[in-house]
Trainee: 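Pasting in a structure now, in C-alpha cells, and then I'll have a few things to ask.
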Amino acid sequence: MAKIIAGFASSHVPAIGAAIDNGQTEDPYWKRVFSGFEKSKKWIAEVKPDVVIAVYNDHASAFSVELIPTFALGTAAEFPPADEGWGPRPVPVVKGHPGLASHIATSAILDGFDLTIVNKMEVDHGLTVPLNLAFGSPAEWPCPIIPLAVNVVQYPPPTGKRCFDLGRAIRKAVASYPEDLRVVVFGTGGMSHQISGPRAGLINSKFDKSFLDRLTNDPKGLAAMPHIEYMREAGAEGIELVMWHVMRGALDDKVKEVYRFYTVPASNTAVGHIILENGVKSAKKAALRKKSAPKKAAPKKKSKAKARKAA
Ligand code: DHB
Ligand code: FE
C-alpha cells in the first residue's frame with residue numbers, strides 16, 4: 001500500500017527562481033536563503049520519495065482570471081513550466097503520476113471534495129521554486145510529482161479547515177492505493193507578505209514563527225484560524241499559508257519536526273521552511289499497547305490450561 005511519510009513546506013518566492021536561473025545563488029543575499037535548504041536537500045535525497053504531491057498555487061499562469069478552480073488536481077502525465085512573462089523557466093518538465101492522481105481524485109471526490117480534474121496544465125514558480133529548493137537543479141526531477149493547485153489569488157480562498165480536511169482525504173486516498181509508494185506532501189507559499197497596496201512590504205516574523213510552532217504542535221487549532229487573521233497579521237498574500245494545512249492534514253496528528261529554517265527577507269517576503277515526519281508513536285498509544293499486551297496474553301494461557309484440565 002502507498003503511504004505518506006513526511007511533509008515538506010516552503011515559501012515559493014519567484015525571485016528565488018530568478019536567482020537560480022541567472023546564476024546568482026552565490027551572491028551573499030541569496031546564499032543566505034539557499035544555505036537554509038542544504039540540510040533539506042540531503043534529507044530528501046536520503047528519504048527518496050517515490051512520489052511527491054505538491055500543494056501550490058497558480059499565479060494566473062495556467063488558469064488566468066477567467067477560470068479559478070478552488071482545488072485543481074493534476075492527473076496528466078506531464079506538466080511543462082509556464083511562461084510567466086520572461087519565457088518558461090529552464091527547469092525540467094514535471095512528470096506526474098496519473099495512476100495515483102486519478103485514484104486520489106476518485107477517493108477525494110467520493111468523500112465530498114469536488115476537485116477539478118486537470119488533464120493539461122502548465123506549472124509556474126509556485127511549484128517549480130519549491131522543487132528547486134528541495135532537489136536543486138537536476139536534468140530531470142527525481143520522482144513523479146502530482147500538482148494540486150489551490151486558489152489563493154481571488155477571494156474567497158478555501159478555509160484553513162477545509163484545506164486541512166482535504167489533506168485528511170488525500171491521506172485516506174493514498175493509504176488505499178495498492179502500490180507500495182512512499183509519498184511526501186509539499187505545502188508551498190507564504191510566509192507573511194503583501195505585494196501591493198498601502199501595506200506593501202509587510203513581514204510579520206512573530207506571526208510566521210508562531211505559525212511554524214503551531215503547525216507542528218497545534219495543527220487543528222491553527223487550521224481554525226479565520227481568513228481575516230491572515231490578512232491582518234500576515235498581509236494579503238499571507239493567505240498562501242492555507243496551503244500548508246493541506247500538507248499538515250495529510251500527516252499524523254503527532255509528527256516529528258526534523259528541520260526548520262526561517263530568514264528575512266527574500267524579495268518581499270520571509271522565507272519559511274519546515275520538514276515534518278510521520279511515524280511518531282504517541283506516548284498514550286505506546287503506553288496502552290504496553291499495558292494491554294501482557295494482560296491479553298495471560299488469561300488466554302490460563303483458560304487454555306483450564307480447558308486442558310477440564311478435558
Ligand atoms: C513574491 C512572493 C510570492 O509568493 C509571490 O507569489 C510573488 C511575489 C515576492 O516576495 O515578491
Ligand atoms: Fe505566491
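Heavy-atom basis, side chains included; hydrogens, waters and symmetry copies ignored. It should be emphasised that the depicted structure is a prediction, and the values quoted were computed from it without experimental measurement. Whatever order the structure lists them in is the order used to number ligands and atoms, beginning at 1.
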Trainee: Which of the numbered atoms in ligand 1 are below 4.0 angstrom from a heavy atom of Glu240?
Mentor: 4 (O), 6 (O)
Trainee: Need the ligand 1 atom indices (1-based, order shown) with element for anything under 4.0 Å from a heavy-atom of Thr269.
Mentor: 10 (O)
Trainee: Select one of side chain, backbone, both or neither to describe which atoms of Pro14 lie under 4.0 Å from any atom of ligand 1, heavy atoms only.
Mentor: side chain
Trainee: Just checking: Glu237, one of its N/O/S atoms, less than 2.8 Å away from the Fe ion (ligand 2), yes or no?
Mentor: no
Trainee: Salt bridge check: are Glu229 and Arg232 linked by an N-O gap of less than 4.0 Å?
Mentor: no
Trainee: Taking only heavy atoms of His125 into account, list the atoms of ligand 1 that are under 4.0 Å away from them.
Mentor: 5 (C), 6 (O)
Trainee: Looking at Asp218 and Arg248, does any basic side-chain N land under 4.0 Å from a carboxylate oxygen?
Mentor: no
Trainee: Are the side chain of Ser64 and the backbone of Glu66 linked by a donor-acceptor contact shorter than 3.5 Å?
Mentor: yes
Trainee: Where on His193 is there a heavy atom closer than 4.0 Å to ligand 1, on the side chain, on the backbone, on both, or on neither?
Mentor: side chain
Trainee: Give the atom name of whichever N/O/S atom in Glu240 sits closest to the Fe ion (ligand 2).
Mentor: OE2
Trainee: Output yes when Lys209 and Asp213 qualify as a salt bridge under the 4.0 Å nitrogen-oxygen rule, no when they do not.
Mentor: no
Trainee: Minimum distance, heavy atoms only, to atom 1 (C) of ligand 1: which one of Asn268, Ile203, Ile195 is it?
Mentor: Ile195
Trainee: May I ask you to check whether His125 and Ser61 show a side-chain donor-acceptor distance below 3.5 Å?
Mentor: no
Trainee: Please confirm whether the backbone N or O of Ala236 pairs with a side-chain atom of Gln194, one donor and one acceptor, at under 3.5 Å?
Mentor: yes
Trainee: Against heavy atoms of Ser267, which atoms of ligand 1 measure under 4.0 Å?
Mentor: 9 (C), 10 (O), 11 (O)
Trainee: To which protein heavy atom is atom 6 (O) of ligand 1 closest, and what is the distance rounded to 0.1 Å?
Mentor: His59 NE2, 2.7 Å
Trainee: Check this for me, if you would: do Asp253 and Arg168 make a salt bridge, where the nitrogen-to-carboxylate-oxygen distance has to be below 4.0 angstrom?
Mentor: yes
Trainee: Would His125 count as a contact for the Fe ion (ligand 2), in the sense that one of its N, O or S atoms lies under 2.8 Å from it?
Mentor: no
Trainee: State, with a plain yes or no, whether a side-chain heavy atom of Tyr177 is found less than 4.5 Å away from one of Val51.
Mentor: no
